[in-house]
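What you see is a predicted model; the values in this text were computed from it and never measured. Numbers for residues simply follow the sequence, beginning at 1.
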Amino acid sequence: MMSWPPHMAPFLWGVATSSHQVEGNNDNDWTEWEACGHVPDRSGASCLHYEKYNQDLDLIAQVGVNAYRYSVEWSRIEPEPGQFNPDALDHYRAMTESVIRHHLEPVITLHHFTLPKWFARQGGFFHPRAPWYFERYVQQVLATLGDLARFYITINEPMVYAVMGYGTGQWPPGHKSLKELWQIAPRLLACHRQAYHQIKLRRSDAMVGIAHHLLAFEPYNEYSWLDRQNARILHYLFNHRFIQWAQNTQDFIGVNYYTRQYARHRHFLVPVMHKPGHLLTDMGWEIYPDGLEKILVALKRFDKPLLITENGIATTNDGVRQQFLLDHLTAVSRAQNQGVMVRGYFYWSALDNFEWAEGFRPRFGLIRVDYDTQQRSMQESAALYRSIIDSNRDHWPLNVPPKPEQRVFGL
Ligand code: IFM
């Protein structure tokens with residue numbers, strides 16, 4: 001098994017964002033999609049993180065984390081094919097230097113859903129030369145950031161990208177095609193592999209992985225054999241298949257976990273979001289911490305270090321967020337007690353941000369953003385996160401749950 005770098009902090013405690021969701025003023029396939037009225041809001045200025053990153057990093061450092069996961073925006077770096085924008089590259093270098101000055105380990109995502117318009121117009125990842133285009137872009141990023149950053153996530157949530165863009169058509173390019181849904185995943189894998197080797201070539205000690213969105217699939221009716229089989233198939237196709245394919249080109253497995261969905265044989269391969277009566281987030285997702293433990297334990301078979309690259313909740317009730325954080329970290333600690341090698345946890349998200357087809361309504365941030373004034377304010381959950389981190393810096397496995405009487409949440 002690939003060992004974790006010994007010079008690393010024992011556990012990466014982090015927060016995460018992605019370029020298009022926070023930067024503001026991007027110009028990519030998503031801004032085109034927004035302009036066509038497919039989604040309720042346009043990302044517009046968003047959080048102006050592109051300009052305000054120093055101020056945001058001051059706040060992020062106050063949360064007590066030792067790592068920051070963010071993405072670099074391909075459309076800024078390569079606005080026209082083969083033309084690399086030195087200003088954008090300088091920007092990400094300056095930002096990464098600032099991340100390090102704030103005593104944060106940079107964890108850099110190379111593709112987080114958005115594409116340069118020229119690449120999208122040529123078919124995006126379906127272009128026959130897509131792996132080569134992606135590799136050329138990654139080369140530029142590594143030439144700029146390779147000496148500063150060790151951790152890279154090549155692709156964020158390949159299966160979500162496939163389903164939303166080519167299955168349900170809710171995201172660009174808006175296709176609803178079973179054939180394309182089936183074919184896009186191997187294309188993404190080819191790009192990942194090419195990027196993986198390119199990164200290793202430039203920095204042999206780099207830690208490279210993919211951030212996978214993993215859902216806790218369970219049978220709608222646990223007494224139905226057909227529902228149980230349907231759940232197993234979904235679990236394989238959505239959760240494990242890509243990980244298995246990438247087994248030899250991943251130094252860690254990135255886990256983005258949010259919720260459970262139910263498999264029903266009457267809706268083959270189309271899961272039901274939740275059952276009546278469940279406590280839901282502002283995304284309409286069930287809160288299900290046990291699912292995280294199950295997902296982590298099921299990943300033991302891949303024998304790789306795990307980074308929880310995203311876990312968080314959209315809510316305007318910060319008490320619920322605090323409970324969510326505690327319950328999910330407790331689930332992580334239960335998984336660790338079963339021998340699962342979790343090496344980091346990143347809360348999604350550092351800041352409130354542009355939530356794709358849901359626009360600005362869902363509030364995921366530990367730091368609240370007033371979009372009219374661009375004022376930031378720390379949520380109380382940020383202080384709770386800090387206290388958990390402070391008491392677990394060198395603790396293995398995590399010792400998360402405070403005594404029950406200390407739990408005060410506005411539920
Ligand atoms: O906001 C997204 C993020 O871009 C990818 N993972 C899930 C988050 C919440 O939906």
Side-chain angles (χ1 to χ4, degrees), residues 16-52 56 70-71 73-76 109 111-117 120-121 124 156-157 159-177 181 213 215 256 258-259 261 270-274 278-287 310 312-318 320-321 324 348-377 379:
T17 61
S18 89
S19 54
H20 188 67
Q21 293 179 269
V22 293
E23 280 183 347
N25 304 317
N26 275 322
D27 187 18
N28 53 33
D29 62 334
W30 255 92
T31 44
E32 276 190 335
W33 185 253
E34 293 153 29
C36 292
H38 293 293
V39 291
D41 297 321
R42 294 174 76 154
S43 53
S46 188
C47 311
L48 285 178
H49 186 63
Y50 198 78
E51 279 105 77
K52 292 180 177 291
D56 289 337
Y70 54 102
S71 68
E73 178 63 31
W74 187 0
S75 61
R76 286 186 187 270
T109 311
H111 174 255
H112 195 119
F113 298 152
T114 53
L115 297 179
K117 289 192 288 197
R121 283 193 193 120
N156 181 68
E157 300 183 349
M159 291 308 295
V160 170
Y161 184 78
V163 169
M164 300 301 275
Y166 296 90
T168 67
Q170 286 161 282
W171 291 5
H175 297 182
K176 292 182 191 174
S177 154
L181 173 58
H213 190 115
L215 285 160
N256 296 359
Y258 290 89
T259 192
Q261 290 189 3
V270 182
V272 179
M273 292 281 281
H274 48 79
H278 282 154
L279 185 61
L280 304 181
T281 72
D282 289 352
M283 293 292 283
W285 296 346
E286 181 194 349
I287 301 174
E310 287 182 26
I313 179 171
T315 178
T316 48
N317 182 337
D318 196 56
V320 175
R321 191 186 328 278
F324 181 98
W348 181 274
S349 175
L351 305 163
D352 288 337
N353 60 52
F354 176 74
E355 177 56 32
W356 309 111
E358 311 294 323
F360 286 108
R361 181 189 52 83
R363 300 265 180 182
F364 277 94
L366 287 178
I367 300 166
R368 195 190 143 78
V369 177
D370 179 328
Y371 296 113
D372 294 329
T373 62
Q374 288 295 340
Q375 290 299 307
R376 274 72 164 141
S377 50
Q379 300 276 16

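Of the possible donor and acceptor atoms, none in the side chain of Q375 sits under 3.5 Å from a partner among the backbone N and O of D370. Remark: side-chain polar atoms of N317 are not paired, donor with acceptor, to backbone N or O of T315 under 3.5 angstrom. Here the side chain of E23 pairs no donor or acceptor atom with the backbone of A45 at under 3.5 angstrom. Side-chain N or O atoms of Q21 include one that pairs as donor or acceptor with a backbone N or O of F354 at under 3.5 Å. T259 places a side-chain N or O within 3.5 Å of a backbone atom of E286 that can act as its donor or acceptor partner.
Annotation: the span from Q170 atom CD to M164 atom CE amounts to 4.0 Å, rounded to 0.5 Å. The distance from the CE atom of M283 to the CE atom of M273 is 7.5 Å, given to the nearest 0.5 Å. Here the CD-CG distance, from E34 to D29, works out to 9.5 Å after rounding to the nearest 0.5 Å. One distance of note links OG of S18 with CG of N156; it measures 7.5 Å at 0.5 Å rounding. One distance of note links CD1 of I313 with CG of L280; it measures 10.0 Å at 0.5 Å rounding. The distance from the OG1 atom of T114 to the CH2 atom of W33 is 14.5 Å, given to the nearest 0.5 Å.
In terms of the salt bridge (charged side-chain N to carboxylate O under 4.0 Å, His left out) criterion, residue partners of E310 (sequence neighbours excluded) are, by chain and number, R69.
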With a 3.5 Å cut-off and sequence neighbours excluded, list the donor-acceptor pairs that the side chains of residues 357-367 form with protein atoms.
unit_1: E358; atom_1: OE1; unit_2: R361; atom_2: NH2; d: 3.2
unit_1: R361; atom_1: NH1; unit_2: D282; atom_2: O; d: 2.8
unit_1: R361; atom_1: NH2; unit_2: D282; atom_2: O; d: 3.4
unit_1: R363; atom_1: NH1; unit_2: D352; atom_2: OD2; d: 2.7
unit_1: R363; atom_1: NH1; unit_2: V369; atom_2: O; d: 2.6

Taking it one step at a time, do S349 and T17 satisfy side-chain hydrogen bond (donor to acceptor under 3.5 Å, both in side chains)? CA-CA 6 Å; S349 175; T17 61; 5.7 Å; no
Stepwise ring-ring contact (aromatic ring centres under 6.0 Å, His included) test for Y70 and H112: CA-CA 9 Å; Y70 54 102; H112 195 119; over 10 Å; no
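Aromatic ring orientation, W356 versus F113: perpendicular (interplanar angle above 60°, classes split at 30° and 60°).
Contact record, G167 with L181: CA-CD2, 4.1 Å, taken as the closest heavy-atom pair. Taking each heavy atom of L351 and H49 in turn, the nearest pair found is CD1-ND1, 3.9 Å. Closest approach of N26 and E73 over heavy atoms only: OD1-CG, 3.7 Å. Taking each heavy atom of A16 and W348 in turn, the nearest pair found is CB-CE3, 3.6 Å. Taking all atoms of both residues into account, the shortest heavy-atom contact from C47 to K52 is O-CD, 4.0 Å. The nearest pair of heavy atoms linking Q374 to S46 is NE2-O, 2.8 Å.
For the pair I287 and V320, the minimum side-chain heavy-atom distance is below 4.5 Å. Between L115 and N28 there is no side-chain heavy-atom pair separated by less than 4.5 Å. You'll find the side chain of S43 reaches within 4.5 Å of the side chain of H20, heavy atoms only.
Residue W30 is tested with W74, Y161, W171 for a ring pair (Phe, Tyr, Trp, His ring centres under 6.0 Å); the sole match is W171.
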